[in-house]
Amino acid sequence: MDFSKLIKEMTLSDKLAQMSQLLGDYYVSDDYTKLMGLSYGFDVSEELAWNAGSILGITGAAKLKKVQEEYLKRSRHKIPLMFMHDVIHGFRTIFPSPLGLACSWDFNVVEEAASIAAKEASVSGLHVTFSPMADLVRDPRWGRVIESTGEDPYLNSLYAKAFVKGYQGENIKDEFKLAACVKHFAGYGASEAGRDYNTTDISNYSLRQFHLPAYYAAIEQGCKMVMTGFNSLNGIPCTGNKDLLKGILRDEWGFDGIVISDCTSVYELMMHGYAEDAKESCEKAINAAVDIEMLSTTYFENALKSIEEGKIKIEQIDEAVLRILKLKEELGLFENPYKDIDEQKEKEILLCKEHREAARKIAAKSIVLLKNKDKILPLSKMQKNIALIGPYAQSKELLDIWKCEGREEEVVSIYEGLKQKLDITVSSGCGINIGTAEEMDRAVNSAKESDIIILALGEHSDMSAEAGSRGYITLPKIQRELAEKIFELGKPVIVVLINGRPLELGEIAQKAHAIIEAWFPGTEGGNAIADILVGDEYPLGRLTMSFPVTIGQVPVYYNAFPTGRPKRKDSNPERFVSRYIDIPNAPLYPFGYGLTYTEFEYNNVSLSSKTLIKDSLINIKVNIKNIGERAGIETIQLYIQDMAGSIARPILELKGFKKVQLKPGEETEVQFEITEDMLKFNTYDNGFAAENGRFTAYIGKNAAELIKAEFELKAAN
Ligand code: BGC
């Protein structure tokens with residue numbers, strides 16, 4: 001469509017309204033004709049509301065249809081509204097939180113979850129989801145690590161693509177598809193000291209090496225929108241950061257989609273000390289090419305004056321409006337403002353049997369087996385006398401705070417899942433943060449009468465995600481007390497964890513026989529946990545974020561830079577090397593870690609050549625043997641270290657992985673290609689290239705258990 005005529009006809013106020021995103025709740029009075037803005041404490045004029053470009057935060061086919069109808073009656077240019085919302089890990093059928101999904105090391109799983117979420121959300125009337133979050137994370141104090149896919153740029157990039165593919169499909173106009181919005185551009189995952197909304201201080205090198213790749217990957221996949229971060233980069237808040245939003249995003253990467261601020265982050269430019277007043281906030285954001293202002297109304301209130309004063313050019317506004325109109329066109333809204341809204345389909349599709357089944361399979365794939373002493377797991381279905389204890393034993397709060405339309409009453413609790421497979425007793429022992437002596441005694445007594453105890457512990461969902469930063473990342477005190485009392489009985493204890501971040505597990509890691517990390521597993525969580533506990537599903541998950549031994553190590557992550565004084569051996573404490581005198585350097589569970597119900601042996605790593613000639617490739621091979629008594633699936637990981645570069649290179653970088661399924665005693669050869677492309681990085685002279693020299697390739701089951709082979713990169717003669 002040629003929008004030039006429409007843009008000419010629009011007044012400045014019409015344009016600024018298109019660039020404003022309001023809260024959907026303003027529109028949902030009983031008859032949908034009266035604005036509720038005032039009752040929500042915002043002074044939003046009729047003029048703005050009935051001409052706004054998009055709204056966020058409400059869902060439901062009947063509701064959104066009425067809002068769109070009323071809007072189209074009242075708005076001047078009849079430009080359909082876009083409905084946006086946080087569909088993060090499912091709409092009504094809730095999948096594991098993104099950090100859990102990522103532990104599947106399975107991009108198809110993420111694509112499937114995103115595509116189901118898009119299907120449910122689209123029939124309920126939504127057009128855009130504020131997902132994926134591509135922020136790379138290293139600090140488990142930051143609650144939002146649960147929304148991330150972890151600490152690795154390679155996995156984060158492929159996951160970002162998988163999310164976008166699942167939401168958008170081939171064409172966002174197609175039935176059951178949404179536009180995706182990658183966030184929070186850029187580097188918000190580096191919020192200092194893990195405190196949410198805090199500043200970030202990221203070197204240019206780290207920004208490019210670690211943080212930017214996943215946002216770029218989403219855009220390469222065709223992601224239609226980008227949301228700015230709440231953080232600052234180089235002293236400039238992202239929402240007003242021209243170098244970032246124009247320089248990198250638009251000019252360097254050629255992104256021509258919409259940039260949206262985060263919630264009130266245009267207004268917040270003032271709080272950051274980057275704007276004198278709301279008017280200057282508006283100018284700085286518009287001049288950084290932020291097309292849509294989310295929730296605050298500084299554009300609508302100030303831009304007219306700024307244009308008169310020559311502080312903003314009308315061309316900048318017109319470009320933003322054009323981008324907004326184009327997305328509406330791409331979604332097909334000018335042809336059909338209701339797109340996929342369908343009350344009948346909403347009834348049939350939301351949480352249908354097929355979606356529940358997918359949620360169960362996917363949740364099982366996201367679970368990570370952290371410990372399994374004496375092969376206590378899987379439990380035999382004949383096993384009697386099992387006590388299920390803990391605040392999460394019967395809790396249905398398995399969804400996390402980004403549960404979207406997910407409902408607790410529809411969740412399968414751990415007890416409900418397990419009782420279908422095992423004969424168990426159940427008691428809570430305590431709540432998440434508080435408890436009574438009687439509750440605890442009851443649980444301890446039931447433990448005394450049982451042979452095996454399953455302890456379901458964890459964080460409350462409020463303790464992670466947005467504004468969920470914690471200074472201590474242990475389990476709450478009351479739960480540690482409960483665990484201690486149970487451990488004192490000297491019986492085998494299997495701990496199931498429901499939590500939003502890598503935790504400091506302390507004694508639990510030592511005293512439990514087995515530990516299952518289930519994250520917030522979603523609607524079918526209880527069934528998936530039960531499937532893993534009895535071995536109906538293989539544990540497959542691998543961590544994508546390191547678990548620290550203690551908070552004092554944080555940030556601790558696998559792809560760190562080398563030091564001039566590396567610590568050599570844990571058993572040989574030397575003083576003047578890079579180490580702590582009181583805690584280990586290594587995390588408790590490293591990146592890539594996760595056990596299975598069998599064991600695999602790695603042998604004979606070999607390279608097809610010790611020399612990789614530029615523009616060609618070599619192969620690396622390894623033999624994998626299942627030396628246990630059960631069948632299982634192993635995730636074989638390939639890492640590379642560039643031994644020297646024009647800028648020092650990380651000690652390890654994940655470059656690929658493969659999964660193999662082997663029966664007991666079975667053996668196979670696994671092969672990876674190593675190409676020059678895999679060795680490229682942001683070089684000292686701002687290039688992106690592979691530099692000649694020595695490399696070490698590592699193969700193994702996680703970032704700490706590796707076998708290696710060395711090669712050299714050379715130019716062809
Ligand atoms: C969060 C975003 C989210 C937005 C809209 C903000 O507070 O940072 O991730 O998409 O709210 O709900």
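Ligands are counted one by one from 1 in listed order, and the atoms in each one are counted from 1 as well. Positions are given from 1 along the sequence. Note: hydrogens, waters and symmetry copies are ignored here, and every other heavy atom, side chains too, is used.
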[atom]: the protein heavy-atom neighbour that sits closest, reported with distance to 0.1 Å:
| atom | result |
| --- | --- |
| atom 7 (O) of ligand 1 | E466 OE2, 2.7 Å |
| atom 9 (O) of ligand 1 | H184 NE2, 2.7 Å |
| atom 10 (O) of ligand 1 | D86 OD1, 2.6 Å |
| atom 11 (O) of ligand 1 | D262 OD1, 3.5 Å |

Q: Run the salt-bridge test on K65 and E69 with the 4.0 Å N-O cut-off and return the result as yes or no.
A: no
(Q) For D291, is there an ion pair with R250 - N to carboxylate O distance below 4.0 angstrom? (A) yes
Q) Y188 to ligand 1: N or O pair under 3.5 Å? A) no
Q | Nitrogen or oxygen of R144 less than 3.5 angstrom from that of ligand 1 | A | yes
Q) Does K183 approach ligand 1 within less than 4.0 angstrom via side chain, backbone, both or neither, non-hydrogen atoms only? A) side chain
Q: Specify side chain, backbone, both or neither for M84, according to which of its non-hydrogen atoms lie closer than 4.0 Å to ligand 1.
A: neither
Q) Should you measure from each heavy atom of C263, which atoms of ligand 1 turn up under 4.0 Å away? A) 6 (C), 7 (O), 11 (O)
(Q) On the six-membered ring of W50, is R74 placed so that its NZ or CZ lies under 6.0 angstrom from the centre and within 45° of the ring axis? (A) yes
**Q.** Under 3.5 Å side-chain donor-acceptor pair for E405 and S124
**A.** no
Q.
Can a side-chain donor-acceptor contact be found between N156 and Y215 if the only test is distance below 3.5 angstrom?
A. no
Q) What orientation do Y167 and F163 show, parallel under 30°, tilted 30 to 60°, or perpendicular over 60°? A) parallel
Q.
I'd like to know if M227 contacts ligand 1, where contact means a heavy-atom distance under 4.0 Å to any ligand atom.
A. yes
Q: Would you check, one step at a time, whether the test salt bridge (Lys or Arg N to Asp or Glu O under 4.0 Å) holds for R141 with D139?
A: CA-CA 5 Å; R141 289 173 296 182; D139 192 330; 2.7 Å; yes
